[in-house]
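Right, one structure below, let's go through it.
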Amino acid sequence: LRHRNHLGVITANPLALSKTPIAIDFSHPATAVMGGESRMLTDDLAVLWAGDANMDSGVVANGPSNDPSYLLGAVLLNFDNSLLNSNFIINGYTATDLDMNGFTLFAGPGNDLNILVGSVLLHPSNSTMSANFIIQSGMPRIK
């Protein structure tokens, strides 16, 4: 299962193809998936990790190829942002719309940056809460 700005997820074991469709509920925490901590677990739900704004199959808040730089660049370089405001709002469901509300906002209340940073800092494998921790997708990259 791939998504435009969330990390993808794949079953832990291959499934045989057949004429009968197989339903897989990736939102169920007991569904076995590839990769450790490849989904964020809530009380009774498993969800995809948000924040892959640059679509490189990883989420990183600080360091090389970080997602906030891509998010800021999209906002600052938007054709309609003639004043180069970091709190300019881009309308539309884009890769930089991390909370999927139809808007991209880098700075200000309800911004998309907080979703990204929260994913990185609160990831269960990030025991030191490092901003340069990289959340890797649990599925192989397609080149």
Side-chain angles (χ1 to χ4, degrees), residues 1-18 21-81 83-143:
L1 176 66
R2 293 192 188 276
H3 191 272
R4 71 174 185 269
N5 58 21
H6 288 55
L7 296 181
V9 67
I10 191 169
T11 58
N13 299 304
L15 300 172
L17 296 176
S18 72
I22 300 171
I24 302 168
D25 187 356
F26 285 108
S27 69
H28 194 278
T31 301
V33 296
M34 185 180 291
E37 310 289 353
S38 59
R39 294 173 298 169
M40 181 172 69
L41 301 178
T42 63
D43 292 336
D44 57 351
L45 199 61
V47 297
L48 300 175
W49 288 103
D52 190 12
N54 63 9
M55 298 177 283
D56 67 351
S57 297
V59 178
V60 63
N62 192 15
S65 299
N66 70 68
D67 293 285
S69 292
Y70 189 84
L71 181 63
L72 178 60
V75 169
L76 293 179
L77 299 175
N78 185 280
F79 180 78
D80 294 325
N81 188 2
L83 299 177
L84 299 174
N85 289 325
S86 62
N87 62 345
F88 178 82
I89 297 172
I90 299 173
N91 292 310
Y93 291 101
T94 64
T96 53
D97 175 22
L98 302 179
D99 60 5
M100 300 185 303
N101 66 353
F103 305 102
T104 296
L105 178 61
F106 181 81
N111 68 67
D112 292 280
L113 181 61
N114 286 344
I115 301 287
L116 190 159
V117 173
S119 290
V120 170
L121 295 180
L122 300 175
H123 192 277
S125 297
N126 188 1
S127 60
T128 60
M129 295 184 70
S130 300
N132 63 347
F133 178 83
I134 300 171
I135 306 173
Q136 295 291 337
S137 176
M139 63 188 307
R141 281 184 78 176
I142 296 176
K143 302 229 181 208

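We count residues from 1, following the sequence as given.
- Just one of N5, D99, I90 meets the side chain to side chain contact (heavy atoms under 4.5 Å, CB included) condition when paired with D112; it is D99.
- Here the CG atom belonging to L77 is positioned 7.5 Å from the CG atom belonging to L84, to the nearest 0.5 angstrom.
- For L17, the CG atom sits in a loose shell: 12 or fewer heavy atoms of surrounding residues, nucleotides or ligands are nearer than 6.0 Å.
- Sorted by first and then second residue, the ring pair (Phe, Tyr, Trp, His ring centres under 6.0 Å) pairs with a member in residues 84-128 read W49-H123, H123-F133; sequence neighbours excluded.
- When only modelled atom types and interatomic distance are considered, T94 and D97 share no side-chain donor-acceptor pair under 3.5 Å.
- Under a 3.5 Å cut-off, the side chain of D52 and the backbone N or O of D56 do form a donor-acceptor pair.
- The side-chain heavy atoms of N78 and L76, taken from C-beta on, include no pair separated by under 4.5 Å.
- Shown here for V75 and T104, the closest heavy-atom pair between the two residues is CG2-CG2, 4.0 Å.
- With a 4.5 Å cut-off on side-chain heavy atoms, L72 and S86 count as touching.
- Rounding to the nearest 0.5 Å places CE of M55 at 11.5 Å from NE2 of H3.
- Interatomic distance, OG1 of T96 versus CG of L98, reported as 7.0 Å (0.5 Å rounding).
- A distance of 10.5 Å separates CG in N62 from CD1 in I134, rounded to the nearest 0.5 Å.
- A donor and an acceptor atom, one from each side chain of S137 and S57, are nowhere located under 3.5 Å apart.
- In plain terms, the two heavy atoms of V33 and R39 that are nearest each other are CG2-NE, 3.6 Å.
- The two atoms that bring A50 and S119 nearest to each other are O-OG, 3.0 Å, heavy atoms only.
- Checking N13 against T11 by side-chain atom types alone, no donor-acceptor pair falls below 3.5 Å.
- Here the straight-line distance linking atom CD1 of I135 with atom CD of E37 works out to 10.0 Å at 0.5 Å rounding.
- Shown here for N114 and N111, the closest heavy-atom pair between the two residues is N-OD1, 2.7 Å.
- At least one donor-acceptor pair under 3.5 Å links the side chain of N54 to the backbone N or O of S65.
- Summarising the geometry, atom CG belonging to L71 is positioned 8.5 Å from atom CG belonging to D67; distances are rounded to the nearest 0.5 Å.
- When all heavy atoms are compared, the tightest approach of L41 to A46 is CD2-CB, 3.5 Å.
- A heavy-atom distance below 4.5 Å is found between the side chains of T42 and L45.
- Closest heavy-atom contact between L105 and N87: CD1-O, 3.3 Å.
- A heavy-atom distance below 4.5 Å is not found between the side chains of H28 and D44.
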